[in-house]
Amino acid sequence: MGEPVADAVVIAMSMAWSPVSNVYAATAEEPPEVHERRRALLRESVRRAVTTG
C-alpha cells in the first residue's frame with residue numbers, strides 16, 4: 001500500500017488534470033521543451049504539496 005498523502009496528491013492531480021485531456025492531448029510532435037515544462041510543473045506541484053515548512 002502506498003503512502004496515504006502521496007496517494008491523495010496523485011489522485012487529486014489526476015482529477016484536476018483529467019478534464020483537460022478531453023480537449024487537448026500532448027503529442028510527440030511538440031517540442032521537448034514543452035514536455036519538460038509540463039514535467040517540471042508537476043514535479044514542483046508535488047514537491048510543494050508534500051513539503052512541510
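Considering only residues two or more places apart in sequence or on other chains, Pro31 meets the side chain to side chain contact (heavy atoms under 4.5 Å, CB included) condition with Glu33, Val34. Ala40 pairs by the side chain to side chain contact (heavy atoms under 4.5 Å, CB included) definition with Glu36, Arg43, not counting sequence neighbours. Applying the side chain to side chain donor-acceptor pair (under 3.5 Å) rule to Glu44 yields the partners Arg47, Arg48; only residues at least two apart in sequence or on another chain are considered.
Judged by distance alone, the side chain of His35 and the main-chain N or O of Thr27 form a donor-acceptor pair under 3.5 Å.
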